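Because the structure is predicted, anything quoted here is derived from the model rather than measured. Letters A, B, ... mirror the listed sequences (proteins, then strands); counts begin at 1. Atom set for the values below is all heavy atoms of this structure, side chains included, hydrogens, waters and symmetry mates excluded.
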Number of protein chains: 2
Amino acid sequence: MNQPTNQTNYDSRSYRTPDGAPADIVIFTITTSDKNTVKKSLPHRELQVLLIERKQWPFQGQWALPGGFSKETETIHESARRELEEETGVADVHIEYFNVYSTPGRDPRGWIISHAYLALVNEKLLDKRKAADDAADVRLFPVKTALSMDLAFDHRMILQDALYRIQQKMLTTTIAREFLPEEFTISELYQVLQTVVPEFEEKNFIRKITSTQSREGLIEEVRGSSGELLASNRYSQRAAQLYRFTGYEPRLSIYS
Amino acid sequence: MNQPTNQTNYDSRSYRTPDGAPADIVIFTITTSDKNTVKKSLPHRELQVLLIERKQWPFQGQWALPGGFSKETETIHESARRELEEETGVADVHIEYFNVYSTPGRDPRGWIISHAYLALVNEKLLDKRKAADDAADVRLFPVKTALSMDLAFDHRMILQDALYRIQQKMLTTTIAREFLPEEFTISELYQVLQTVVPEFEEKNFIRKITSTQSREGLIEEVRGSSGELLASNRYSQRAAQLYRFTGYEPRLSIYS
DNA sequence: AAAATAGTGTCTCTAAGACATTATGTG
DNA sequence: CACATAATGTCTTAGAGACACTATTTT
């Protein structure tokens, strides 16, 4: 690309250069499964991560984060999105960059600098893929389980860092929406938050989240065509008010 | 490093590999200069960024962020710290990674993936360096000025992203401490916040920051050996109470 | 009626926010 | 005494936090 003329004495070949710049992706989803209770009840939810079993050296037979080498003609971000689509069959989901891993020796193939992304994929979207190729070498694991496994490379650390990041983001942004349908009940939202951040606990959550002044329109009631409030009884006998995110993202500050 | 034996058919030389993985560093500082008022007064503060003038192709003669290629034997983080120390003469300051830049063609020297760090350096620490080598090719620029300049590579965008990040962090963490002495007055803290985030405005700032319950020990009064409160009259006739950060970092949440 | 979730009533306490007022010490 | 910053007084409003209580619908 536009090589200048006075390229006096620069030659990249005179330096040792990296052997690759892959993107690795921590793909999170939340699975839901019905509790077998007498009545309708809230489902059991669990935070899962997608792993693939390596077929070749190095770390053959071990589980690893999906990922792949980026090409000269794309940004690493594009590489990550491509990889995500290959593994899950979905595009246009939340994907964000969070760290780089470059400890010497982290990859026996050479000097390989890994760029770690995290993606949040709604279970609904993953289901399609599952039907298509139910390969035994691509599986969802509960995050807790994955963290106790002997993963390839430094992927355990990457997963740990990703978990920390998603927990932080879950409480400070509205990414919880990625795990929810467009319209959801307060209980669903609360469950999702608790699934990702087990320590999160707010008594009177419904009170806080719906108080007008402070939350100032983070979520809003869903109304029908004639303005009446809409509710759902997916999870309970008594129908619950449906809400949706408004698109408003509060700015947080420790000084106000 | 520990090459396994069954390295069946992997050869990194069969792929196109990157030509370098540098770290670029956005070094922020806040300069203070006395206003010429009749009485003692708060100084004028300005957010500055350190730039260096390029001596070679490419972008010869243009200003750029300090940075350098990372080596195979170090992490990129170590590379960034090394670079920071070379340019400023200081170690052990706040430095954090924030993004990667990999748009094809961003560097005419080839496929070069830049890792962007931001560092916060106290003006006091930079002064030492200034005396040592006052090279005209290393200078502080007000951030606003730097953003209007034609910087080398995609450094304008990197600077823009770094500014956004530091503004966010300034309000959600206690990094303001990096720009303050150990012991500071409420006005100093407020000034630093406003210097980095001009939109930040809190009437009754002193009330909020010192109210016990909500801030719950973010800062604390400085006391002398016999327990008496210590104050400073650096900036005013009436001495102001000195405070220090406690080390406590509040966890923020939009849901509570 | 019991189960399971949804939502309200009510109370106390304390912070938020606004704004005027007072305090301090020196050129 | 005027200047420039520091800090308090006072008032209103409203949320936070806790917990008991009521509501809804199906098996």
Contacts of [X] that satisfy salt bridge (Lys or Arg N to Asp or Glu O under 4.0 Å) - sequence neighbours left out:
X: A:Glu85; result: none
X: B:Glu221; result: none
X: A:Glu220; result: A:Arg244

Okay, side chain of [X], backbone of [Y]: is any donor-acceptor separation there less than 3.5 Å?
X: B:Thr173; Y: B:Lys169; answer: yes
X: B:Glu87; Y: B:Leu84; answer: no
X: B:Tyr190; Y: B:Glu202; answer: yes

N/O contacts under 3.5 Å, protein versus nucleotides 8-10 of chain C?
| from | atom 1 | to | atom 2 | distance (Å) |
| --- | --- | --- | --- | --- |
| C:dG9 | N7 | A:Arg207 | NH2 | 2.7 |
| C:dG9 | O6 | A:Arg207 | NH1 | 3.2 |
| C:dT10 | O4 | A:Arg207 | NH1 | 3.2 |

Rounded distance (Å) that lies between atom [atom2] of [N] and atom [atom1] of [X]:
X: B:Ile209; N: D:dA7; atom1: CD1; atom2: C1'; value: 15 Å
X: B:Leu230; N: D:dA6; atom1: CG; atom2: P; value: 16 Å
X: B:Glu201; N: C:dA16; atom1: CD; atom2: P; value: 17 Å
X: B:Lys208; N: D:dG15; atom1: NZ; atom2: P; value: 14 Å
X: A:Gln237; N: D:dT24; atom1: CD; atom2: P; value: 14 Å
X: A:Tyr255; N: C:dA16; atom1: OH; atom2: P; value: 16 Å
X: A:Asn233; N: C:dG7; atom1: CG; atom2: P; value: 12 Å
X: B:Asp34; N: C:dG27; atom1: CG; atom2: P; value: 14 Å

(request) Identify whether the distance between the nearest side-chain nitrogen and carboxylate oxygen of B:Arg177 and B:Glu182 falls below 4.0 Å. (result) no
Review item, side-chain donor-acceptor pairs of residues 155-163 of chain A, under 3.5 Å, at least two apart:
| from | atom 1 | to | atom 2 | distance (Å) |
| --- | --- | --- | --- | --- |
| A:His155 | ND1 | A:Leu65 | N | 3.0 |
| A:His155 | NE2 | A:Asp24 | OD2 | 3.4 |
| A:Arg156 | NH1 | A:Leu147 | O | 2.6 |
| A:Asp161 | OD2 | A:Tyr101 | OH | 2.5 |

(message) Ring-plane angle category for A:Phe200 and B:Tyr255, please: parallel below 30°, perpendicular beyond 60°, tilted otherwise.
(response) perpendicular
(message) Rounding to 10°, can you tell me the angle the first-five-pair axis of the helix from C:dA1-D:dT27 to C:dG27-D:dC1 makes with its last-five-pair axis?
(response) 10°
(message) Assuming nearest nucleotide by heavy-atom distance, tell me which of A:Lys203 and A:Ala239 is located more 5' along DNA chain D.
(response) A:Lys203
